[in-house]
Every structure is written in C-alpha cells, then in structure tokens.
**Q** 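This is the structure, below, for whatever I ask next.
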Amino acid sequence: MASQRKQFPFSDFEAKWQSRWLADQAFRARNPADTDFDSAKPKFYVLDMFPYPSGEGLHVGHVEGYTATDIIARYKRMRGFNVLHPMGWDAFGLPAEQFAIKTGQHPRVTTERNIERFRAQLQSIGFSYDWAREFSTTDPDYFRWTQWIFLKLYNSWFNPIARRAEPIETYTGEDADEVRLAYVAEMPVNWCPALGTVLANEEVVDGKSEVGGHPVERRPMRQWMLRITAYAERLIDELDGLDWPEGIKLLQRNWIGRSEGALVKFEIPDFKFEIEVFTTRPDTLFGATYMVISPEHPLVLEITSPDRRADVEAYQKEVGSQSDLERTELSKEKTGVFTGAFAINPVNGEKIPLWIADYVLMGYGTGAIMAVPAHDERDFEFAKKFGLEIRQVVQESNKSADAAEPSPDAAFTGDGIAINSGLLDGLPTPEAKIKIVAWLEQNGLGRGTINYKLRDWLFSRQRYWGEPFPIVWTQGRHSALDEAELPVAQPEMEDFKPTGTPEPPLSKARDWLTYSEQAQRETNTMPQWAGSCWYYLRFCDPRASERFVSADAESYWMAGRAKSDARRGGVDLYVGGTEHAVLHLLYARFWHKVLYDLGYLSTSEPFQRLVNQGIILGPDNQKMSKSRGNVVNPENVIVEYGADSLRLYEMFMGPLEQMKPWSMKGVEGVYRFLGRVWRLAMSETQEGGWAVSPDLAEIELTGSQLRVAHATIKKVTEDIESLAFNTAISQMMIFTNEFVNLRPRPVAGLRILLPLLSPFAPHISEELWERLGERFPGFEGRASSQEWRLHDESFLAVEEVEYGVQVNGKVRDRVRARKDASDAELEESALGAPKAREAIAGKPVSKVIIVRGKLVNIVLAK
RNA sequence: GCCGGCGUGGCGAAAUGGCAGACGCAAGGGACUUAAAAUCCCUUAUCUCGAGAGGGAUGUGCGGGUUCGAGUCCCGCCGCCGGCACCA
C-alpha cells in the first residue's frame with residue numbers, strides 16, 4: 001500500500017496545519033481573568049483521561065477517546081462555546097522507576113523523553129488541545145499542590161453530624177490523630193516483595209500485583225491511610241445525579257458495598273465483655289446456633305479455653321501463612337476450630353459455641369458473625385462439616401409448614417415467613433427485620449446500622465518516583481510541614497533501588513532525611529493516584545501560584561448548567577477507559593468532596609458526564625498485546641494514510657462505547673472517502689500536482705442536492721451531540737457520493753461539507769477551505785472557525801412520499817402519494833395497489849393503520 | 001456463584017415499536033488502460049420458482065408472549081465479554 005499513489009497529498013499539508021495551529025495558539029482557552037476573555041460565551045469543559053507517558057508510545061486506544069473529545073471540542077467551539085480542552089501527563093509511576101533502576105538513568109530523564117514523544121504523537125494527530133495548559137504531575141509546581149491537598153486531608157476530619165469534612169480545629173475530642181482524614185495506622189497491608197512496595201487493595205488482582213503480576217503477601221506495617229470510608233455514604237448517594245453509564249455507577253456502588261443490617265451484642269458469659277456481630281439478617285437471630293470470629297480477631301486468645309489453646313494457635317498460624325489467594329480459594333472446604341468459649345444468643349439466652357474460621361474476615365463488619373446455618377450458605381456448609389445444629393427459622397412462603405420440617409439439604413437464603421422465632425413468628429422477612437431491630441434497640445442489645453465494604457485507602461508507597469509526604473517525625477510523632485515549605489521534592493539520589501525491606505528508598509538519602517536536629521522526614525511517597533486525583537482542577541488554571549486553582553477559574557470552568565443545584569456541575573464531558581471505573585474515579589470524587597466541604601470548590605462532584613470508550617481489539621479479534629503480535633501502532637497508520645484517516649477510521653469503526661476489532665481494510669475505506677472529498681474540490685494537474693478542480697462552478701444546488709445537504713447538516717449535528725460519530729461519518733459519505741461525479745459541480749456543496757467535516761478530519765478540511773478560497777468567495781477564515789450551520793427543515797421536505805403497503809403486517813406493495821395526501825386518500829390508494837389487492841383476496845378489511853410518511857397496514861378480519 | 005453489557009449478512013455495522021441490513025469492508029462482474037495501480041459503474045442476506053422479465057418463502061442467538069405491526073417491549077433459556085468474589 002505504501003508504494004501506491006496517495007489518494008490525496010496529506011503528508012504535504014497535515015504537518016503544515018499542525019504547526020500553524022500551534023503557532024497561532026488556535027485552541028487557546030481564555031480564563032475569566034484574561035484580558036481577551038469573552039464572557040458572553042457559555043463554557044464547555046471536555047476532558048480526556050490523561051495518559052501515563054509510557055515508553056511504548058501512544059496506543060490506538062488512546063486515539064479513540066482523544067478523537068471523540070476532540071470532535072466535541074472543535075464542534076463546541078464552532079457552536080460558540082468557550083471550550084476548555086487540555087492535556088497533560090500522569091508521569092509518576094512504577095514503570096519509569098523500574099526502567100531507571102534497570103538502566104541507571106534517572107526517572108526524570110526517561111519521563112521527560114517519553115513526554116516529548118507522547119506530545120509529538122498527539123500533535124501529529126491534530127488534537128485541538130490548549131497546549132499552554134500542559135503540565136506533568138511530576139512538575140514541582142504541580143505536586144506542590146498535590147502535597148498541599150494532602151495537608152488539607154491531614155488537617156481535616158469528617159464531622160459525622162454535619163456529614164462533611166471540617167478543619168481539624170473544630171474537633172473537640174481528645175486525640176485529633178484518631179479522626180484525621182489522613183492518618184497513620186499499623187495494619188496488615190499488601191506487601192509486594194518483587195516491587196519492594198505495598199499496594200492498595202485495588203492494585204492487587206488475584207493475590208498478585210496488578211503491575212507485573214508479582215506475588216503479594218499480607219504483613220502488618222505502619223502506613224499512611226486516607227479515611228475514604230467516612231465518605232462511603234455520600235460517594236454512593238451522590239452518584240445518583242451524575243450522567244454516567246449506569247454500569248459504571250453500579251460498579252462503584254458494588255465496590256463501596258452498602259449493606260443494611262444490624263449490630264447485635266453477644267455476651268461472652270465467662271468474661272466481662274460482649275462481642276458484637278454485624279448481620280443483614282437480624283430476623284434470623286433465633287436460628288443463630290453458633291458464632292464465628294475471624295482468626296485475626298484481637299480477642300481470640302483471650303477467650304480461648306486452655307484445652308483448646310494449642311489447636312487455636314495452630315489454626316491461626318496456618319491461616320496467617322496463607323496468601324490471600326489461597327485463603328479465598330473458592331472451592332476450598334471450610335476450615336475452623338472451636339475456641340472452647342461460648343456466647344449467649346441475646347434473643348433466647350441460649351449458650352452457643354464460639355468458633356474461629358477463616359471464612360470470617362477481620363476487615364469486614366466487626367470480624368465476628370452469628371452463624372445461621374439454615375439460612376446462610378457458608379454457615380450451612382460449615383455446620384454440616386462440623387456437625388453443628390441447623391435450625392430453621394424462615395419458611396418459604398409458598399411451602400406448607402410440614403414441608404419445612406425435615407432438615408433441608410441446602411440453606412434457604414431468600415425472604416419468607418419467620419418461624420420458631422418467638423415474637424417474630426408469622427412475620428414476613430422485611431417486617432421481621434424491622435421488629436427485631438426495634439426490640440434489640442429497646443433492650444440495649446443491638447441497633448440497626450449500615451455497613452460498607454469499602455476500606456480506607458492505603459496511601460503510602462515505598463518508592464522513589466512519587467510525591468514525598470509533607471510530614472516530619474519527631475520522637476515517634478508525625479506533624480505537618482507548613483504550607484510555605486512546599487513543594488517537598490525528592491532528593492537527588494544515585495541509588496534509588498528498593499531496599500529489599502519495607503524501608504523506602506528515600507530512607508537512604510541521609511542529608512534529605514534530616515529535617516532538624518530532632519525531626520526526620522517521612523520517607524514514604526504517595527501512590528500514582530494522587531496526581532490524577534485533581535489534575536482536572538489544575539487544568540482550569542495551570543499556572544496559578546497563589547492557590548491550587550484560582551477561585552474564579554474554578555467556578556467558571558467547573559460550574560454546572562443548572563444554577564439551582566450545586567452538585568450538578570464539573571467537567572461537562574469526561575471520556576476514558578472502563579479500567580478506571582472504581583479506582584481513579586472513586587479517589588478523585590473523594591478528594592473533590594473534601595475540597596468542596598472545606599470551601600475550595602463550587603461543585604461537589606468533579607465529572608458531570610462520563611463516557612467510556614470501548615476497547616479496540618487486534619485484527620484477530622483478540623485483545624492487543626505484544627506477545628500476540630497484534631498491536632497496531634498509530635504512527636504507522638499516520639505515515640501510510642494520514643492523521644485524518646486515523647481519526648476518521650477510529651470514529652467510523654462502530655459505536656464509541658463498544659468493543660471492536662481493528663481492520664486496516666477499514667482504514668483504507670475511510671481513506672478512500674477522504675480521497676473522494678479531496679477530488680470533490682481538486683483535480684490532478686499534468687505535472688502530477690493538484691489544483692482546484694475546473695469542474696467546480698457557482699451553480700445553484702438542485703432540490704435533491706439541497707435535501708441531501710440539509711439532511712447531512714441535521715444528521716451530523718445530532719450525531720455529534722449524541723456521540724454517534726460512526727453514523728455522522730456515514731452521512732457525510734452519502735453526501736460525498738452524491739456530489740463526487742457531478743460535472744459541473746456546485747462549489748456550494750463544499751461550503752456546507754467542509755465545516756461539518758472539520759471536527760472529524762481537520763487537516764483536509766482546512767487545506768481545501770484555504771485552497772478553494774483562492775478561487776471562490778465564501779471561504780473566508782478557516783473551516784474550523786466557521787459558525788456551525790444549522791439545517792433548514794424546509795429543504796428536507798419532499799413532494800411525494802413512497803409508502804409501503806402492508807397486508808397483515810407484511811409488505812406486499814408500495815404506492816406513491818403526495819406529501820399532504822389525506823389519510824382517506826392514502827387508504828384508498830393502498831387498497832387499490834395491485835399486489836395488495838391480490839393479498840387481500842377479497843377478504844373483509846377490519847382496519848387500516850396509517851403511519852404518516854412510512855406505511856399503510858391493511859388488517860384483514862380474522 | 002452474584003451483578004452488568006452484548007448476540008443482526010462473509011466482516012465492521014445501521015434501524016423514535018413502522019418497508020431489516022443505511023454507510024463501509026470483502027467478493028463477483030463491467031468501464032477506462034498497451035498493461036497494472038488508482039478511479040468510476042453494476043451485483044451481492046438465505047433458500048427457492050422462472051429461459052427471462054419477474055415472483056415466492058424464510059430471516060436479527062433459541063423458545064414463548066404482548067401488539068395491526070417486534071431487531072426494538074415482556075417472560076424463560078443458551079452463548080460470549082466485563083466486573084465482583086466466603087463482604088455475613
């Protein structure tokens with residue numbers, strides 16, 4: 001293909017337009033504080049998930065989402081919006097650090113080189129970013145404010161009454177360190193020896209690190225945590241107003257994992273205390289025949305009777321040595337041991353045995369459960385194995401009492417009618433829940449509560465290439481640095497390899513470590529998520545030096561359409577991959593809410609509308625991967641077919657959100673289409689160059705040409721609004737096919753087409769617009785700076801419409817009718833159509849249904 | 001196992017409950033050309049009747065249902081993809 005004659009000389013003009021756009025700052029967005037700011041224009045903030053600039057370079061998956069947002073950005077500018085369309089780099093991260101360790105080069109060097117390459121690649125596709133706003137999360141001017149936000153978290157607490165974050169000074173309790181949104185805790189964490197760092201739960205997949213697939217073990221370590229659990233409720237509730245895919249909202253809801261239930265106190269008679277359990281089925285309390293606590297529960301050894309001690313300790317040891325993967329092995333049989341202790345079931349005073357078992361997790365609820373084997377599958381399995389009593393207390397509503405008598409061979413976990421349950425007998429499950437919770441509360445034995453699966457966010461990493469914490473330690477106590485001391489940069493180090501122990505690499509920087517005679521710096525760094533948690537805010541005002549973003553810029557760009565509801569606002573359109581459905585999007589929402597609570601932001605949600613682009617598969621319908629050798633490099637596509645073809649193809653492949661395979665033949669198809677657009681305006685000269693076509697003439701568009709033109713304006717406009725780019729392109733193909741063979745050819749067609757095409761294929765549109773302007777009037781300025789033209793409905797009207805004639809729903813014939821034909825006329829002409837008459841075959845017609853402009857359905861009597 | 005999403009020609013796909021397959025790819029035929037490339041035109045869901053012109057039947061994963069009318073709505077399955085995974 002490369003050797004073939006080019007359809008159009010894209011390589012002669014694509015780079016030209018790219019450098020003109022840069023030189024002219026053509027896509028510069030003005031802030032309210034700028035002198036040339038136009039306050040009459042509405043704003044539109046359209047954002048991409050900024051890339052990690054890896055050594056691999058840009059991927060076709062990046063191009064997909066970035067092209068979609070670029071079309072929107074260019075379109076909105078033409079519709080008269082003040083458009084913010086920025087790009088930057090999420091450049092802290094493990095790959096750069098690991099590459100640096102391997103090669104001995106400083107991560108800053110490789111990071112800068114990768115950024116150069118990414119920027120050049122993005123510019124070679126003609127994206128209309130405001131490059132004056134570019135920054136990297138690794139810039140000290142940026143991470144200074146990342147650290148500043150950390151200090152805000154550190155110096156705040158969540159007031160459960162007001163349900164929002166407040167400055168720590170408003171906390172009246174004894175120890176502020178217990179409630180800070182950023183805190184230090186000794187807890188079991190995911191330690192990855194191969195990477196030499198701890199990882200967040202979210203970064204561990206199947207017991208292995210998400211990056212690199214190295215084994216991860218659990219070990220207790222002292223770590224920085226962020227109290228995201230305080231926001232669990234709001235993070236769920238405030239999803240409601242967002243224009244996000246329902247599936248993504250659901251993923252977040254499930255991740256946060258809200259469960260309504262009750263905390264119930266079980267007295268341990270041999271000791272002075274009670275153990276509390278969380279249950280979602282308090283209505284089954286009468287069926288609780290034993291109790292299980294997690295092997296890691298702090299009270300285990302205290303309650304264990306002397307004769308059971310050896311067994312219990314052995315079991316704890318066994319469980320402790322297991323990896324997460326082994327422990328959660330699904331097919332695994334239930335294990336556990338009896339502690340020798342008993343608990344009292346508060347509803348009936350029964351003494352029930354207290355076991356430990358690894359199916360009860362310390363991290364969820366209270367780390368203790370009441371076991372109701374008749375109505376919980378796990379408890380059932382456990383009870384069967386260890387011969388514990390199974391007592392039925394809920395009866396399936398549609399079964400008779402006798403049928404429920406014999407011990408069932410499976411747990412019944414659905415709703416039903418309470419039986420064998422004293423005061424609850426006869427009540428349906430939902431009512432039984434309410435009644436028993438009220439009873440527990442009256443008797444001080446428990447209370448209704450809501451529990452969340454979400455855990456606090458493990459926020460420290462043992463890495464070099466990340467934001468250092470603005471924290472110093474003095475005699476074992478942490479304290480915050482003053483804001484004036486920011487940024488805290490990493491020290492220059494020769495050796496930033498992991499230490500092989502949980503000691504972070506920064507601990508090797510002796511001079512840097514020493515803050516003062518008494519105080520030493522915190523040596524952990526922040527995770528990569530930190531930088532991406534607020535970059536969309538910085539884009540509003542990337543050079544702000546007095547504040548993380550100036551208030552006027554923030555309130556302008558993040559404002560919502562509906563002034564009545566502060567929540568509705570933020571980025572107007574955010575496009576990226578589903579892989580960030582829970583992590584980045586949850587973390588960013590959390591930070592945003594904290595900053596909102598503290599009064600720094602004007603909206604409580606960062607991203608009003610979210611769209612996920614689908615994955616692009618290799619030509620073999622498999623996920624692209626180096627090992628499969630099916631990776632398509634966008635650079636090669638640009639060389640062979642040009643940037644416009646790449647953009648257009650990725651939008652033409654299918655619906656944006658759908659997964660779809662790559663096809664080079666498909667690229668050639670849109671490339672040929674662009675060739676036809678080119679030849680609409682240009683003809684080849686004797687010398688093999690191109691000149692404005694002599695076939696072009698100032699002639700009036702015919703009625704049918706006007707109809708196609710306005711149908712195209714309408715379709716393209718509507719389809720851009722609904723992100724249905726594939727069908728917008730189809731319509732422009734129809735338009736082009738209509739005009740390409742006309743001689744003479746009305747130049748007016750190009751005046752309509754080129755601006756429509758310019759958001760999709762900006763280079764060719766600008767080039768043709770400019771060259772046509774040398775011969776014809778009406779091509780002033782640039783294609784991309786024309787006002788977006790709207791269609792005129794009157795041109796779409798047709799004189800005569802063809803109707804399908806159905807008999808009993810089957811098309812038998814077709815008739816033509818005047819546009820304004822009456823229903824009676826339509827019916828008459830349909831009944832008279834020869835094929836229809838044949839199908840009717842003299843049978844009586846019971847009714848006739850007319851769908852204006854479409855069809856007539858003749859329904860025969862049965 | 002639970003929760004989502006998706007099943008339409010040879011392929012990517014299109015279709016406010018209203019004539020299924022627009023647009024593109026591939027394939028076949030033709031025009032132009034010394035020839036090729038490029039370009040342009042025609043055909044192309046499946047089966048079937050017909051010499052032909054032109055008909056007929058079937059068809060949106062499978063089985064039911066609602067409706068004058070279902071790819072689209074409802075119920076029950078099957079398959080693929082994604083997420084969660086002992087969360088009490």
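Just the heavy atoms: all of them, side chains too, but no hydrogens, waters or symmetry mates, feed the values below. These figures come from a predicted structure and were not determined experimentally.
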**Q** Determine: side-chain N/O of A:N451 to OP1/OP2 of B:A88, distance under 4.0 Å, yes or no.
**A** no
**Q** Under 4.0 Å between any heavy atoms, over every strand shown, what does A:I734 touch: base, sugar-phosphate, or nothing? Just pick one.
**A** sugar-phosphate
**Q** Taking syn as a glycosidic torsion within 90° of 0 and anything else as anti, which one is B:G69?
**A** anti
**Q** Between A:E802 and A:V815, is there a side-chain heavy-atom distance shorter than 4.5 Å?
**A** no
**Q** Using atom P in both nucleotides, what's the gap between B:C81 and B:A26 to the nearest angstrom?
**A** 29 Å
**Q** Taking pairing as Watson-Crick or G-U wobble with both contacts under 3.5 Å, can you name the mate of B:A45, or confirm there isn't one?
**A** B:U58
**Q** Among B:U39, B:C86, B:G18, find the nucleotide with the atom closest to the side chain of A:R672.
**A** B:U39
**Q** So, does the side chain of A:K665 form a donor-acceptor pair with the base of B:C11 at under 3.5 Å?
**A** no
**Q** Separation of A:R814 atom CZ from B:A20 atom C1', in whole Å?
**A** 13 Å
**Q** Please state how far atom CG in A:L674 lies from atom C1' in B:G24, giving the value in whole angstrom units.
**A** 13 Å
**Q** Quick check on B:A14: is either OP1 or OP2 less than 4.0 Å from any side-chain nitrogen or oxygen of A:Q731?
**A** no
**Q** A:L250 has a side chain; which of B:G4, B:C68, B:A13 sits nearest to it?
**A** B:G4
**Q** According to a strict under-4.0 Å criterion, is A:N741 in side-chain N/O contact with OP1 or OP2 of B:C41?
**A** yes
**Q** Between atom NZ in A:K623 and atom P in B:C81, what is the gap in whole Å?
**A** 12 Å
**Q** Could you tell me how far B:A70 sits from B:G64 if I compare only their P atoms? Round to whole Å.
**A** 14 Å
**Q** Expressed in whole Å, how much space separates the P atoms belonging to B:G7 and B:A13?
**A** 9 Å
**Q** Which one, B:G56, B:A13, B:C40, comes nearest to the side chain of A:R679?
**A** B:C40
**Q** Starting at the 5' end of RNA chain B and moving along, which residue's nearest nucleotide shows up first, A:S663 or A:R455?
**A** A:S663
**Q** What nucleotide among B:C19, B:A13, B:C68 has an atom nearest to a side-chain atom of A:L855?
**A** B:C19
**Q** Can you tell me, in whole Å, how much space there is between the C1' of B:A36 and that of B:U46?
**A** 37 Å
**Q** Salt bridge between A:K249 and A:D240, side-chain N to carboxylate O under 4.0 Å?
**A** no
**Q** Does B:U72 have a Watson-Crick or wobble partner in any strand here, with both distances under 3.5 angstrom, and which is it?
**A** none
**Q** Determine: side-chain N/O of A:R812 to OP1/OP2 of B:A57, distance under 4.0 Å, yes or no.
**A** yes
**Q** How is A:I849 classified with respect to the nucleic acid when contacts are heavy atoms under 4.0 Å: base, sugar-phosphate, or nothing?
**A** base
**Q** Paired with B:G10: which nucleotide, if any, by Watson-Crick or G-U wobble criteria at under 3.5 Å for both distances?
**A** B:C25
**Q** Can you tell which of B:A13, B:G83, B:C41 lies closest to the side chain of A:P655?
**A** B:A13
**Q** Report which part of the nucleic acid A:K334 touches: base, sugar-phosphate, or nothing (heavy-atom distance under 4.0 Å, all strands).
**A** base
**Q** Choose from B:G12, B:A88, B:G83 the nucleotide whose nearest atom is closest to any side-chain atom of A:V360.
**A** B:A88
**Q** Taking the P atom in each of B:U39 and B:G24, what is the distance between them to the nearest angstrom?
**A** 13 Å
**Q** Taking the inter-plane angle between the rings of A:W355 and A:F386 on a 0 to 90° scale, is it parallel (under 30°), tilted (30 to 60°) or perpendicular (over 60°)?
**A** tilted
**Q** Examine B:G83: is either OP1 or OP2 under 4.0 Å from a nitrogen or oxygen in the side chain of A:R253? Give yes or no.
**A** no
**Q** Less than 4.0 angstrom between a side-chain N/O of A:S259 and OP1 or OP2 of B:A88, yes or no?
**A** yes
**Q** What contact category does A:K715 fall into here, base, sugar-phosphate, or nothing, at under 4.0 angstrom with non-hydrogen atoms?
**A** nothing
**Q** Taking the side chain as C-beta and beyond, is there a heavy-atom pair between A:M370 and A:I352 under 4.5 Å?
**A** no
**Q** Taking any strand in view, what nucleotide pairs with B:U39 in a Watson-Crick or G-U wobble way, both distances under 3.5 Å?
**A** B:A31
**Q** What is the separation between atom CD on A:Q622 and atom C1' on B:C80, rounded to the nearest whole Å?
**A** 12 Å
**Q** Salt-bridged, A:E827 to A:K847, with N to O below 4.0 Å?
**A** no
**Q** Under 4.0 Å, heavy atoms only, any strand: does A:D379 hit a base, just the sugar-phosphate, or nothing?
**A** nothing
**Q** Take atom OH of A:Y803 and atom C1' of B:C19, then tell me their distance rounded to the nearest Å.
**A** 13 Å
**Q** Taking any strand in view, what nucleotide pairs with B:G1 in a Watson-Crick or G-U wobble way, both distances under 3.5 Å?
**A** B:C84
**Q** Nearest heavy atom decides the nucleotide; on that basis, is A:E802 or A:F278 closer to the 5' end of RNA chain B?
**A** A:E802
**Q** Look at the side chain of A:N857 and decide which nucleotide, out of B:G18, B:G12, B:A88, has an atom nearest to it.
**A** B:G18
**Q** Mind checking the C1' distance from B:U72 to B:G83? Whole angstroms is fine.
**A** 27 Å
**Q** Please report the distance, rounded to the nearest Å, between CZ in A:F725 and P in B:C23.
**A** 22 Å
**Q** Mark yes or no for whether A:D813, through its side chain, and A:K835, through its backbone, hold a donor-acceptor pair below 3.5 Å.
**A** yes
**Q** Considering every strand and a 4.0 Å limit on heavy-atom distances, what is the contact class for A:G666: base, sugar-phosphate, or nothing?
**A** nothing
**Q** Just checking A:Q806: base, sugar-phosphate only, or nothing, at a heavy-atom cut-off of under 4.0 Å?
**A** base
**Q** Taking C-beta and beyond as the side chain, do A:P619 and A:N630 meet within less than 4.5 Å on heavy atoms?
**A** yes
**Q** Of the nucleotides B:C40, B:C84, B:G18, which one has an atom closest to the side chain of A:W255?
**A** B:C84
**Q** Which one, B:A88, B:C81, B:A13, comes nearest to the side chain of A:M659?
**A** B:C81
**Q** Quick one: is the NZ or CZ of A:K334 closer than 6.0 Å to the six-membered ring centre of A:F382, and within 45° of its axis?
**A** no
**Q** Would you tell me if any nitrogen or oxygen in the side chain of A:N737 comes within less than 4.0 Å of OP1 or OP2 on B:G24?
**A** yes
**Q** In this structure, how many angstroms lie between the P atom of B:G1 and the OH atom of A:Y359, rounded?
**A** 21 Å
**Q** Keeping A:D415 on the side-chain end and A:T429 on the backbone end, is there a donor-acceptor pair under 3.5 Å?
**A** no
**Q** Could you give the distance separating B:A15 and B:U8 at their C1' atoms, to the nearest angstrom?
**A** 10 Å
**Q** Is A:K847 near enough to B:C68 that one of its side-chain N or O atoms lies under 4.0 angstrom from OP1 or OP2?
**A** yes
**Q** Does the side chain of A:K810 get closer than 4.0 angstrom to OP1 or OP2 of B:U58 through an N or O atom?
**A** yes
**Q** What integer distance in Å separates A:L251:CG from B:G83:C1'?
**A** 5 Å
**Q** When you compare B:U44 with B:G17, how far apart are their P atoms, in angstrom units rounded to a whole number?
**A** 30 Å
**Q** When the ring centroid of A:W662 is compared with that of A:Y649, is the distance short of 6.0 Å?
**A** yes
**Q** Between B:G56, B:G18, B:A88, which nucleotide gets closest to the side-chain atoms of A:K835?
**A** B:G56
